Amino acid sequence: MRVPVHNSEIADIFNEMADLLEIEGANEFRVRAYRNAARTVSSLPQSIADMVKQGEDLSELPGIGKDLAGKITQIIKKGELPQLEDLRHDMPEELIELTHLAGLGPKRVKVLYQDLGIASLKQLREAAENKKISQMPGFGSRTEEKILEAIERRGAETGESKRLKLSVAEGMALPLVKYLQKSKGVKTVDVAGSYRRKLETVGDLDILAICEKDSSAIDRFVKYEDVAEVVSKGKTRSTVILRSGMQVDLRVIPQVSYGAALHYFTGSKAHTIAIRRIGVEKGLKINEYGVFKGKKRVAGRTEKEVYKKVGLVYIEPELRENRGEIEAAQKKRLPELVTLEDIKGDLHTHTNATEGHDSIEEMANSAVERGYQYIAVTDHSKHLAITKGLDEKRLARQIEEIDRLNKKTEKIVILKGIEVDILEDGSLDLSDAILKRLDLVVGSIHHKFNLSQDKQTDRILRAMSNPYFKILAHPSGRLINEREPYEIDMQQIIKAAKDKGIALELNAQPERLDLTDIYCKMAKDIGVMVAISTDAHSRGNLEFMRYGVYQARKGWLEARDVLNTKTARELKKILARN
DNA sequence: GCCGTTTTCGGCCCGACTGTTTTCAGTCG
């Protein structure tokens, strides 16, 4: 049997089709259709191969018509797309890579290929060094220099993903915002883009500044000490590269356009395009300066105004991915997203008994300071020897210690828990006799990541059938930009969780954020609770909760979908159920 | 290539900056 085709593979094929068609000079709307379809497919919560198997009509999906539905079916059945093979045959592979160089797009790459026969980075560099490119019509010496610079920069890159984790981007954005706020004539500074949408990784920073006419913001921006290169600098817009390689755009916006600009630059692109399209239907033009009827600005001061003009209620930035939020807004059925204030406790933390830094009491005191009603101590089990994982005996002692501490204070409930290892055969690393004495058993995988999808899924399903199993921690095992998720059938696991009353963890460590937003939504739709947990290894780590909440909001979760928004009383009741 | 209570043809989001021009195309977001 053929390996099932992932949604991302289909999206890759469509994106490559779009790239190649663009170089070929195809109709730009046709190109756009492929890109739209790629986006639709990659953000689909369920496997499109499964949909085909179940005979679902793919042309029901947005941006996918009869033709592309047929192509998807073909990819799933044959593993490839003949039209793509044809295009690849006609064009050298490296042409696509050339279009990714800054300043070079499909049009210029096409000219360079047809007139100079340039089909690789090496040939491009040679042509630029020999001043061949500046002799071409439409190209000049400045363009030639920029091409060489772009090749140089590319060579310095490691080839890894340049998107930075949200938490890392935060570390760059916050000081820069503070710096800009001190500029003359600046009223407010906001970071828009994927940063504001709380995407798990951020490719660049889009900063908006509401300024008076004589503001010094742009001049000050390009002088920021962390700026390595100024890419462009105009009256209302400037782009720089920071020393870290992060690109930052600053746009200066008048107050009257604040809402329209914030909406436009927050994106996502798919969301704003969809909103504009609704605008067009209503005879409105929407751009970053406002909503216009003819030449008259009819909205733009706030985002709420912009949405209202197109007949929608306000949509939270985290939802703006064009994954159904616009339809939900039309029906006034948007979720009321969970907030940090809704969180009443943390259900996955470590202490210095294993790999944590702080004592149970210190962790509990810190939880009290955060206003929590409870905190679960869930140290590692013995299989993780490197962390001094607990065996039955040491866990029994910890249970007694927690009982003592709970008697001492009424400020917080300390839950007795464990992060028990799921062994290769799906059994748990500790005996039922000791698990039974705990309030909370959190199970997770820490070894044998590369089993086949069937085996890995079976392993987890088997572990979940243990009667004391309550939460599946970091369900995919991925580390953002570092480790791929292990192969599992998440839909099957979520359905099993529903049957057994098990919750899935959304691990809030900024490098994990595991569940993804898409699976959070799937859990919600199937009716499975999500526990947002920090997996804290120190008191300070309890702070990670906000990253988890961001991700949960991206996954449409409301307070009622999140286990640790329950009061201590409610939670104990839920955990007592078997 | 998609899409449709103004439609099955003719639209398809919109503007800034740059470099090469001398009014604009290409690129980018």
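Residue numbers begin at 1 in each chain, while the letters A, B, ... track the order of the sequences. Just so it is clear, the model here is predicted, and its values are computed rather than measured.
The separation of B:dC12 from B:dT7, taken at their C1' atoms, amounts to 14 Å, rounded to a whole angstrom. For the C1' atom pair drawn from B:dG29 and B:dT22, the interatomic distance equals 27 Å after rounding to whole Å. Taking the P atom of each, B:dC2 and B:dC13 are spaced 15 Å apart, rounded to whole Å. A gap of 16 Å separates the C1' atoms of B:dT23 and B:dC17, to the nearest Å. Taking the P atom of each, B:dG15 and B:dT21 are spaced 27 Å apart, rounded to whole Å.
OP1 and OP2 of B:dT18 both lie 4.0 Å or more from every side-chain N or O belonging to A:Thr239. The shortest distance between the side-chain N/O atoms of A:Lys66 and the OP1/OP2 oxygens of B:dC3 is not below 4.0 Å. Regarding contacts with the backbone of B:dC14, every side-chain N or O of A:Arg276 stays at 4.0 angstrom or more from both OP1 and OP2. In this structure, A:Lys110 does not reach the B:dG26 phosphate: none of its side-chain N or O atoms is under 4.0 Å from OP1 or OP2. Listed pair A:Gln247 / B:dG29 meets the phosphate criterion, a side-chain N or O lying under 4.0 Å from OP1 or OP2.
Ranking B:dT20, B:dC17, B:dC13 by closeness to the A:Arg237 side chain, first place goes to B:dC17. Distances were taken from every side-chain heavy atom of A:Thr236 (C-beta onward) to each of B:dT20, B:dC17, B:dC13; the shortest belongs to B:dC17. Side-chain proximity of A:Lys269 to B:dG19, B:dG1, B:dC13: nearest is B:dC13. The side chain of A:Glu288 sits closest to B:dA16 out of B:dC13, B:dG19, B:dA16. Residue A:Asn27 places its side chain closer to B:dG1 than to any other of B:dG1, B:dC14, B:dT20. Side chain of A:Lys146, nearest nucleotide from B:dG15, B:dC13, B:dT18: B:dT18. Comparing B:dC2, B:dT27, B:dT20 by their closest approach to the side chain of A:Ala33 singles out B:dC2. Considering only the side chain of A:Ser232, B:dT18 comes nearest among B:dG29, B:dG1, B:dT18. Here the nucleotide nearest the side chain of A:Tyr289, chosen from B:dC12, B:dG15, B:dG29, is B:dG15. The listed nucleotides are B:dC14, B:dC2, B:dC13; the one nearest the side chain of A:Leu68 is B:dC2.
In this structure, A:Tyr179 and A:Tyr224 have tilted ring planes: the angle between them lies in the 30° to 60° band.
Contacts of A:Arg30 with the nucleic acid, taken as non-hydrogen atoms under 4.0 Å apart, include base atoms. Within the 4.0 angstrom heavy-atom criterion, only backbone atoms of the sugar-phosphate kind lie near A:Ile286; the bases stay farther away. Using a 4.0 Å heavy-atom cutoff across all strands shown, A:Ser141 reaches sugar-phosphate atoms only and no base atom.
Glycosidic conformation, B:dT5: anti, with the torsion outside 90° of 0.
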Might you work through the salt bridge (Lys or Arg N to Asp or Glu O under 4.0 Å) test for A:Lys554 and A:Glu200, ending with a clear yes or no? CA-CA 10 Å; A:Lys554 281 203 85 63; A:Glu200 59 194 32; over 6 Å; no
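Both cation-pi conditions hold for A:Lys198 and A:Tyr195: the charged atom is under 6.0 angstrom from the six-membered ring centre and inside a 45 degree cone around its axis.
Counting only heavy atoms from C-beta outward, the side chains of A:Ser476 and A:Tyr519 never approach each other to under 4.5 Å.
When Watson-Crick and G-U wobble pairs are counted only if both distances are under 3.5 Å, B:dT8 pairs with no nucleotide at all.
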